[in-house]
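First the structure, in the form of structure tokens, and then the observations on it.
Chain identifiers are assigned alphabetically (A, B, ...) following the order of the sequence lines, protein sequences preceding nucleic acid strands; residue numbering begins at 1 within each chain.
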Amino acid sequence: MPKKPLIQHSQDFRDALLDWFRDYQREMPWRNTDNPYYIWVSEVMLQQTQVKKVVDYYERFIERFPDVQHLAAAPLQDVLKVWEGLGYYARARNLHKAAQVIVNELGGEVPRDYATFRKLPGVGDYSAAAVQSIAFNEPYAAVDGNIKRVVARLFLMDAPVNDAKSAKQFQEQADELLDREAPGLFNQAMMELGATVCRPQSPTCLICPVNAFCEAFHTARQDEFPKRRKAKPVPEHHIAVGVIYRGDEVLITQRQLDGLLGGLWEFPGGRIADGETAEAACARNISEVVNLSVSDIKYLTRVRHAFTHFKIVVEVFVCDYQSGEVVLNGPRDAKWIQVEALSDYPLPRVTHKFKDKLIA
DNA sequence: AACGCGGGGGT
DNA sequence: ACCCCAGCGTT
């Protein structure tokens, strides 16, 4: 005999959730606005990035690019500079490109239409639902990591939250729960609940406004959900990079726009091969990547950095330009600049970790 | 459907 | 050391 579901009337759940949200939501600079551009920018920044980290970036971004027109007209390098340190730089490139599409093809207004908005670069199912519901009150259920976790616990769902095959199941559950009268509030309330109460570890079920509806809480199994597929171990790579001095200038190279750290600037370098010394790898990579010969290679420091799928250990050297003209083999651009001008360029975090030692 | 793509906070 | 985060685009 099937058990009686805890959520018999979805409206009871919605009322409890929204009442809680009205009283306990956190202040955020993109709340209490209906400006779709503000909401869109915030949603892109919030992809895979926690609220706390986003706040400062959001304020600077809106100040620097106050509307779609300013963003569309700005050079990509300026956008990347504001995004520097936030990660997943394709978000910035896509946001910039989408602003240009809006200005050039869509009349300069953020489209108030799910299908049109969803087609913009960098806008997926989640962001389209979030922006359309929050900015325009359109009835689309957003499904992010928070909401998957909440739903998984509410209904004891076995589908792993980090598996693409599960997406449809979570979407269907969210669609069913959605408050179609207040979709924007509902989506935000579900996410807020996931972030502050229905947390991954140590959820505070005793103070949860919807614990009466939660199968996991009812059976004291909240720590078993959501299910998660095991992640693969991350490899570690060893890298050697060289800061090449020519007079009082150093050479920086710009990465290709696609791929890892796309469009950001760095010092030339590359992998250390098996059996190769770090110093030899530094000279070899400089030769291969920018076609220069260097001399007087001196060890500066070692920095470590973790990406999502691998870790790197970087041996940093300082050396002198000896001979050759810069020929790019890999980078999309190269420049000789004063060390003091480094701050004008968007740099990866790993470069920031040793740039102060350069000036000292 | 699987994978690449940052960086940091929390535990 | 590991998990997770207001995901998206490519293959």
Side-chain angles (χ1 to χ4, degrees), chain A residues 25-26 28 30-31 39-58 80 83-95 97-98 118-135 140-150 160-168 170-171 174 184 186-196 198-203 223 226-236 255-264 266 304-312 346-353:
Chain A
Q25 66 171 298
R26 295 169 292 177
M28 298 179 196
W30 49 86
R31 285 188 172 160
I39 293 165
W40 175 32
V41 170
S42 76
E43 288 301 341
V44 175
M45 288 188 170
L46 286 162
Q47 290 166 14
Q48 297 291 284
T49 311
Q50 293 179 343
V51 168
K52 191 173 182 181
K53 176 82 182 283
V54 166
V55 171
D56 290 344
Y57 280 90
Y58 171 84
L80 286 174
W83 209 273
E84 181 186 37
L86 195 56
Y88 285 148
Y89 299 94
R91 295 183 295 176
R93 301 194 302 272
N94 285 329
L95 187 60
K97 195 181 304 176
R118 172 67 178 79
K119 287 192 183 77
L120 293 169
V123 178
D125 291 341
Y126 165 77
S127 298
V131 172
Q132 291 297 315
S133 65
I134 297 169
Y140 294 92
V143 180
D144 75 328
N146 288 311
I147 293 179
K148 281 191 277 193
R149 181 173 57 258
V150 170
V161 287
N162 60 342
D163 189 337
K165 290 193 292 289
S166 311
K168 192 176 171 188
F170 290 108
Q171 184 72 55
F186 177 86
N187 284 332
Q188 293 182 82
M190 286 284 279
M191 292 189 275
E192 190 80 349
L193 187 75
T196 62
C198 196
R199 304 179 301 205
Q201 271 82 36
S202 313
D223 293 336
K227 305 288 190 189
R228 176 161 278 279
R229 212 181 49 178
K230 269 211 170 47
K232 291 174 184 170
V234 297
E236 185 173 82
R255 300 178 63 94
Q256 295 292 335
L257 289 184
D258 56 338
L260 184 72
L261 304 171
L264 272 63
E266 63 187 358
R304 299 170 180 277
H305 190 73
F307 294 87
T308 304
H309 297 286
F310 61 96
K311 303 177 194 177
I312 55 175
L347 310 173
R349 280 318 259 193
V350 62
T351 302
H352 276 284
K353 287 180 179 177

(message) Are more than 12 heavy atoms, taken from residues, nucleotides or ligands other than Lys97(A), located less than 6.0 Å from that residue's NZ atom?
(response) no
(message) One character per nucleotide, please: for nucleotides 5-11 of chain B, 5' to 3', B when the base has a protein heavy atom closer than 4.0 Å, S when only the sugar-phosphate does, - otherwise.
(response) BBBBSS-
(request) Scan Trp40(A) against the nucleic acid and name what it touches under 4.0 Å (heavy atoms): base, sugar-phosphate only, or nothing. (result) nothing
(message) Within the 4.0 Å heavy-atom criterion, would you say Asp163(A) contacts the bases, only the backbone, or no part of the nucleic acid?
(response) sugar-phosphate
(message) Using heavy-atom distances to pick each residue's nearest nucleotide on DNA chain C, tell me which of Met191(A) and Val123(A) is more 5'.
(response) Met191(A)
(message) Suppose the criterion is salt bridge (Lys or Arg N to Asp or Glu O under 4.0 Å): which pairs have a residue in residues 47-58 of chain A, not counting sequence neighbours?
(response) none
(request) List in chain and number order the residues that pass side-chain contact (heavy atoms from CB on, under 4.5 Å) with Ala92(A), two or more places apart in sequence or in another chain; answer none if no residue qualifies. (result) Val79(A), Leu80(A), Trp83(A)
(message) Just to verify, what does Lys311(A) make a side-chain contact (heavy atoms from CB on, under 4.5 Å) with, not counting sequence neighbours?
(response) Val234(A), Glu236(A), Ala306(A)
(request) With sequence neighbours left out, write down each residue that passes salt bridge (charged side-chain N to carboxylate O under 4.0 Å, His left out) with Lys230(A), or none if nothing qualifies. (result) none
(message) Test of understanding: with salt bridge (charged side-chain N to carboxylate O under 4.0 Å, His left out), list the residues that count as partners of Arg91(A), not counting sequence neighbours.
(response) none
(request) With heavy atoms under 4.0 Å as the rule, sort Asn162(A) into base, sugar-phosphate or nothing. (result) nothing
(message) For Watson-Crick and G-U wobble pairs within 3.5 Å on both distances, what is DNA chain B written in dot-bracket notation, | included for inter-strand pairing?
(response) |||||.|||||
(message) Please give the distance between the P atoms of dG10(B) and dA6(C) as a whole number of Å.
(response) 12 Å
(message) Please give the distance between the P atoms of dG8(B) and dG9(C) as a whole number of Å.
(response) 24 Å
(request) Could you pull out all residues at least two apart from Arg199(A) that satisfy salt bridge (charged side-chain N to carboxylate O under 4.0 Å, His left out)? (result) none
(request) Using the closest heavy atom to pick a nucleotide of DNA chain C for each, name whichever of Arg26(A) or Lys230(A) lands nearer the 5' end. (result) Lys230(A)
(message) What's Met190(A) touching, base or sugar-phosphate or nothing? Going by heavy atoms closer than 4.0 Å.
(response) nothing
(request) Just jot down the side-chain contact (heavy atoms from CB on, under 4.5 Å) partners of Asn146(A), sequence neighbours excluded, or say none. (result) Asp144(A), Arg149(A), Met191(A), Ala195(A)
(message) Once ring-ring contact (aromatic ring centres under 6.0 Å, His included) is applied, do any residues pair with Tyr140(A), and if so which ones, sequence neighbours excluded?
(response) Tyr114(A)
(message) Under the rule for side-chain contact (heavy atoms from CB on, under 4.5 Å), what residues qualify as partners of Gln256(A), not counting sequence neighbours?
(response) Asp258(A), Arg332(A)
(request) For dC5(B) and dC5(C), measure between their C1' atoms and round to the nearest Å. (result) 14 Å
(message) Classify the ring geometry of Phe310(A) against Phe307(A): parallel below 30°, tilted from 30° to 60°, perpendicular beyond 60°.
(response) parallel
(request) Have a look at Lys148(A) and say if it touches a base, only the backbone sugar-phosphate, or nothing, with a 4.0 Å heavy-atom cut-off. (result) nothing
(message) What range of DNA chain C does chain A touch, first nucleotide to last, counting atoms under 4.0 Å from its heavy atoms?
(response) dC4(C) to dG9(C)
(request) Under 4.0 Å between any heavy atoms, over every strand shown, what does Arg93(A) touch: base, sugar-phosphate, or nothing? Just pick one. (result) nothing
(message) Is the shortest side-chain heavy-atom distance between Tyr57(A) and Val41(A) below 4.5 Å?
(response) no
(message) With rounding to the closest Å, how many angstrom separate the P atoms on dG6(B) and dT11(C)?
(response) 16 Å
